[in-house]
Amino acid sequence: MAKDFSTRAENYSQWYNDLVIKADLAENSAVRGCMVIKPYGYAIWEQIQSVLDKMFKATGHSNAYFPIFIPKSFFSKEASHVAGFAKECAVVTHYRLKNSPDGKGIIVDEDARLEEELIVRPTSETIIWDTYRNWIKSYRDLPVLVNQWANVVRWEMRTRLFLRTTEFLWQEGHTAHASEEEAIREAETMLQVYTDFAEKWMAIPVLQGTKSPSERFAGAIETYAIEALMQDGKALQSGTSHFLGQNFARAFDVKFLSKENQLDYVWATSWGVSTRLMGALIMSHSDDHGLVLPPRLAPIQVVIVPVFKTSEQLEQISRVVGPVKSALESKGITIKYDDRDTQKPGWKFAEYEFKGVPVRLTLGPRDIEQGTVEIARRDTLEKEVFQIKDIENKVVHLLDLIQQNLYDRALSFRENNTFRVDTWAEFKEILDGTGGFISAHWDGTAETEEKIKEETKATIRVIPLNNPKEEGRCVYSGKPSHQRVIFARAY
RNA sequence: CGGGAUGUAGCGCAGUUGGCUAGCGCACCACGUUCGGGACGUGGGGGUCGGAAGUUCGAGUCUUCUCAUCCCGACCA
């Protein structure tokens with residue numbers, strides 16, 4: 001473990017990269033653009049998965065699995081969908097290798113060219129809707145509420161650990177409904193699920209809204225998104241939910257017979273969050289001392305570090321730790337007692353601090369004598385000494401307190417970095433300064449949106465849900481506008 | 001795919017106008033002293049200097065080619 005790494009003020013993106021590597025979350029792999037998620041990082045992802053999975057099931061969804069390969073022809077059936085993804089698809093063209101005739105290694109066997117090339121899924125709408133055609137005949141077959149946990153591949157030019165990698169892990173929900181209203185309601189429900197997860201589990205406040213047409217998912221009628229603000233003032237899209245209308249049903253000819261004996265196309269949604277959430281988690285809470293994890297997602301919620309010189313002292317400490325550990329575990333707390341004698345206490349303090357463990361308990365000979373324990377919290381770095389008999393309730397309470405504090409801290413950061421702006425000069429000034437969310441009037445045209453992006457790199461992140469109507473003038477063009485939208489530079 | 005940079009131990013780097021046995025810090029191993037915020041001392045292990053060809057008595061150093069990585073742009077959850 002390195003002693004020092006970049007601070008946020010020095011170089012935010014370097015700080016992020018250092019943190020991911022040194023906190024043992026992930027590393028770059030031998031394959032360009034693809035990452036290895038290390039056990040500690042994967043444990044956080046598993047935690048995210050397990051909570052979301054329960055939430056999906058609680059809202060009526062079931063998991064299923066579809067192939068990683070998609071026939072090329074499927075892909076081109078929905079016009080805007082192909083247009084959106086064509087430039088970043090990995091394609092399988094052959095199915096066999098052979099020894100090189102010159103004896104040097106192995107080459108693609110040209111005789112083993114595929115009749116139809118296969119696309120490595122960048123998303124699964126096409127293969128799933130091709131399948132749904134056979135599943136759905138009648139209104140009695142609806143709704144279909146399916147989710148899949150999978151990996152997808154998008155051939156990106158520039159990658160960053162967790163935030164944008166060529167291969168990433170995600171979940172994609174794909175639902176089919178008998179009516180437009182029901183499908184829209186589904187898309188909105190899942191947006192709310194994502195919001196609850198982000199705020200209650202990740203302790204990240206998010207803005208809910210719809211995307212402007214140019215930011216919409218390829219093939220969607222409406223894209224809903226949650227958008228979070230990172231500590232460097234840039235926005236991070238953290239989850240999306242799409243109302244797909246009948247676009248995919250038409251493309252794949254998925255029709256059902258209604259109660260009224262009418263043949264109609266099925267209404268669709270899709271929704272997903274990815275390992276990008278890991279990036280959001282890291283950038284929302286962590287500080288110059290390393291990772292800071294919200295207790296509800298931390299793989300280790302409490303670490304106990306004994307301070308000892310002799311094995312007798314360690315034994316003595318372990319006798320006290322044992323019951324405390326079991327008592328906390330019985331309350332569902334994940335706890336690690338690090339009694340290794342190969343590392344010094346100071347080293348361990350630094351290590352767990354860097355890895356963002358929310359609470360640390362320290363017990364040394366002094367504590368054994370006095371019946372006390374030192375308790376340190378990661379979010380504020382404060383330390384206090386308590387009677388060991390009180391520790392159980394104290395820890396339970398403290399974990400809740402930390403969870404809440406992280407959310408409050410992130411919320412007040414967002415509030416302090418959200419600006420109502422009415423002039424173009426101020427718009428640019430904020431982006432060149434602190435960054436943040438800018439609430440400004442927009443004339444609703446793609447041209448203006450594009451110009452703003454060209455000049456400032458800022459994009460419309462969301463048009464907030466239940467956005468109040470307000471007459472005003474577009475911050476860029478001066479044309480009449482009926483509502484404010486949220487701009488920011490984004491990841 | 002354009003512009004810039006870098007490849008020397010696991011990581012971070014130094015290595016002079018070409019010169020003798022390629023070095024430093026961290027990490028690693030052994031022993032001793034330490035142990036309440038990343039300990040210290042002593043000793044030790046680890047290198048096809050990205051690769052190939054060339055110039056030369058001699059190449060980490062010079063030449064050519066090649067490969068790879070990183071940064072900056074166009075695309076994106």
Side-chain angles (χ1 to χ4, degrees), chain A residues 1-6 11 13-14 17-18 21-22 27-33 83-89 122-123 150-160 162-172 194 211 214-218 220 223-228 235-242 270-280 289-290 305-311 313-314 317 339-355 360-370 372-376 378 381 383 385 453-454 457 459 461 490-491:
Chain A
M1 179 63 56
K3 271 190 181 100
D4 47 11
F5 68 116
S6 311
N11 184 344
S13 68
Q14 188 65 47
N17 290 337
D18 287 356
I21 302 286
K22 290 176 182 159
E27 61 189 31
N28 285 305
S29 71
V31 184
R32 179 203 187 93
F85 286 103
K87 280 178 283 183
E88 48 187 29
C89 286
T123 179
N151 58 340
V152 286
V153 168
R154 296 182 188 175
W155 215 263
E156 301 289 350
M157 304 286 186
R158 291 180 56 65
T159 58
R160 288 192 73 190
F162 291 120
L163 297 173
R164 175 166 301 109
T165 47
T166 299
E167 180 193 18
F168 58 94
L169 305 182
W170 79 344
Q171 57 69 216
E172 43 180 329
Y194 289 154
K211 287 287 181 180
S214 61
E215 296 273 331
R216 230 171 245 159
F217 175 74
T223 289
Y224 301 84
I226 54 171
E227 202 77 21
L236 184 74
Q237 179 173 306
S238 307
T240 50
S241 175
H242 315 288
S270 68
W271 29 273
V273 296
S274 71
T275 35
R276 183 178 239 205
L277 285 179
M278 296 284 295
H289 299 271
V305 177
V307 179
F308 60 94
K309 290 183 194 165
T310 64
S311 55
Q313 282 177 329
L314 176 60
I317 293 165
D339 59 354
R340 287 178 295 174
D341 61 359
T342 52
Q343 313 292 349
K344 305 282 174 276
W347 189 94
K348 292 176 186 172
F349 295 166
E351 171 82 358
Y352 293 110
E353 191 166 286
F354 205 91
K355 289 193 165 180
R360 185 189 75 227
L361 304 180
T362 307
L363 271 109
R366 222 156 58 204
D367 298 295
I368 299 300
E369 227 168 83
Q370 296 166 10
T372 57
V373 58
E374 182 192 84
I375 181 162
R378 178 62 185 88
L381 298 169
K383 292 190 280 197
V385 174
K453 186 177 177 181
E454 273 171 30
K457 289 183 183 158
T459 50
R461 300 321 304 159
Y491 275 97

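Throughout, a chain's letter reflects where its sequence line sits, starting with A, and its residues are numbered from 1. Values in this document were obtained by computation on a predicted structure and should not be read as measured data. What you see below is based on every heavy atom in this structure, not just the backbone, and it leaves out hydrogens, waters and symmetry mates.
Comparing the P positions of B/A5 and B/U63 gives an interatomic distance of 15 Å, to the nearest angstrom. Nucleotides B/A27 and B/C67, compared at atom C1', are 29 Å apart to the nearest Å. Across the P atoms, B/G60 and B/A53 are found 14 Å apart, a figure rounded to whole Å. One C1' atom belongs to B/C20, the other to B/U6, and the distance between them is 30 Å to the nearest Å. The same atom, P, is picked in B/C11 and in B/A59; the two are 27 Å apart, to the nearest Å. Atom name C1', nucleotides B/G47 and B/G15: the rounded distance is 14 Å, in whole Å. B/G4 and B/U42 are spaced 47 Å apart, taking the C1' atom of each and rounding to whole Å. Nucleotides B/A14 and B/C26 place their C1' atoms 15 Å apart, quoted to the nearest Å.
Between the C1' atom of B/A77 and the CZ atom of A/Arg461 lies a distance of 10 Å, rounded to the nearest Å. The CH2 atom of A/Trp271 sits 16 Å away from the C1' atom of B/A77 (whole-angstrom rounding). Rounded to whole Å, atom P of B/G12 lies 11 Å from atom CG of A/Asp18. Protein atom CD of A/Glu215 is 11 Å distant from nucleotide atom P of B/C75, rounded to whole Å. In this structure, A/Lys22 places its NZ atom 14 Å from C1' of B/G10, rounding to the nearest Å. To the nearest angstrom, P of B/G12 lies 11 Å from CD of A/Gln14.
Side-chain N or O atoms of A/Lys211 include none that pairs as donor or acceptor with a backbone N or O of A/Ala225 at under 3.5 Å. When atom types are taken as modelled, the side chain of A/Tyr194 and the backbone of A/Gly272 share a donor-acceptor pair closer than 3.5 angstrom. At least one donor-acceptor pair closer than 3.5 Å links the side chain of A/Gln313 to the backbone N or O of A/Lys309. Counting only distance, with no hydrogens or angles, the side chain of A/Ser29 and the backbone of A/Val31 share a donor-acceptor pair below 3.5 Å.
In terms of the side chain to side chain contact (heavy atoms under 4.5 Å, CB included) criterion, residue partners of A/Glu353 (sequence neighbours excluded) are, by chain and number, A/His289, A/Arg378, A/Leu381. In this view, A/Ser238 satisfies the side-chain hydrogen bond (donor to acceptor under 3.5 Å, both in side chains) rule with no residue, not counting sequence neighbours. Qualifying salt bridge (charged side-chain N to carboxylate O under 4.0 Å, His left out) partners for A/Arg340, counting only residues two or more places apart in sequence or in other chains: A/Asp338. Not counting sequence neighbours, the partners of A/Pro122 by the side chain to side chain contact (heavy atoms under 4.5 Å, CB included) test are A/Phe75, A/Phe85, A/Cys89, A/Ile119, A/Arg154. Residues meeting the side chain to side chain contact (heavy atoms under 4.5 Å, CB included) test with A/Asn17, sequence neighbours left out: A/Arg160. In terms of the side-chain hydrogen bond (donor to acceptor under 3.5 Å, both in side chains) criterion, A/Ser274 has no residue partners (sequence neighbours excluded). Under the ring-ring contact (aromatic ring centres under 6.0 Å, His included) criterion, A/Trp170 pairs with A/Phe168, sequence neighbours left out. Residues passing the side chain to side chain contact (heavy atoms under 4.5 Å, CB included) test with A/Thr159, sequence neighbours excluded: A/Glu156, A/Thr166.
Residue contacts shown for A/Glu156 include a base, since a base heavy atom lies under 4.0 Å away. Contact annotation for A/Leu163: base contact, defined as any heavy-atom pair under 4.0 Å involving a base atom. Among the protein residues, A/Tyr491 comes within range of no part of the nucleic acid, since none of its heavy atoms lies under 4.0 Å from any strand.
Along RNA chain B, the nucleotide closest to A/Val31 and the one closest to A/Trp155 are compared, and the more 5′ of them pairs with A/Val31.
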So which protein nitrogen or oxygen atoms get under 3.5 Å of nucleotides 28-37 of chain B's nitrogens or oxygens?
unit_1 : atom_1 : unit_2   : atom_2 : d
B/C35  : OP2    : A/Lys309 : NZ     : 3.4
B/C35  : N4     : A/Lys309 : O      : 3.3
B/G36  : O6     : A/Gly364 : N      : 3.4
B/G36  : O6     : A/Gly364 : O      : 3.2
B/G36  : O6     : A/Pro365 : N      : 3.2
B/G36  : O6     : A/Arg366 : N      : 2.7
B/G36  : O6     : A/Asp367 : N      : 3.2
B/G36  : O6     : A/Asp367 : OD2    : 3.2
B/G36  : N1     : A/Gly364 : N      : 3.4
B/G36  : N1     : A/Asp367 : OD2    : 2.3
B/G36  : N2     : A/Asp367 : OD2    : 3.2
B/G37  : N7     : A/Lys383 : NZ     : 2.8
B/G37  : O6     : A/Arg360 : NH1    : 3.0
B/G37  : O6     : A/Arg360 : NH2    : 3.0
B/G37  : N1     : A/Glu353 : OE1    : 2.6
B/G37  : N2     : A/Glu353 : OE1    : 2.9
B/G37  : N2     : A/Glu353 : OE2    : 2.9

When you compare the protein's N or O atoms with those of nucleotides 70-72 of chain B, which come within less than 3.5 Å of each other, and at what distance?
unit_1 : atom_1 : unit_2   : atom_2 : d
B/C72  : OP2    : A/Arg158 : NH1    : 3.4
B/C72  : OP2    : A/Arg158 : NH2    : 2.2

Do any N or O atoms of the protein come closer than 3.5 Å to N or O atoms of nucleotides 3-5 of chain B, and which pairs are they?
none

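Partner A/Thr223 forms a side-chain hydrogen bond (donor to acceptor under 3.5 Å, both in side chains) with one of A/His242, A/Arg216, A/Gln237 and no other, that one being A/His242.
Under 4.0 Å is where a charged nitrogen must lie from a carboxylate oxygen, and between A/Arg366 and A/Glu374 no such pair does.
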Intra- and inter-strand pairing of RNA chain B, written as dot-bracket with Watson-Crick and G-U pairs under 3.5 Å and | for the latter, reads (((((((..((((.....[...)))).((((((.....)))))).....(((((..]....))))))))))))....

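Side-chain contact between A/Ile368 and A/Ile317 is present, with at least one heavy-atom pair separated by less than 4.5 Å.
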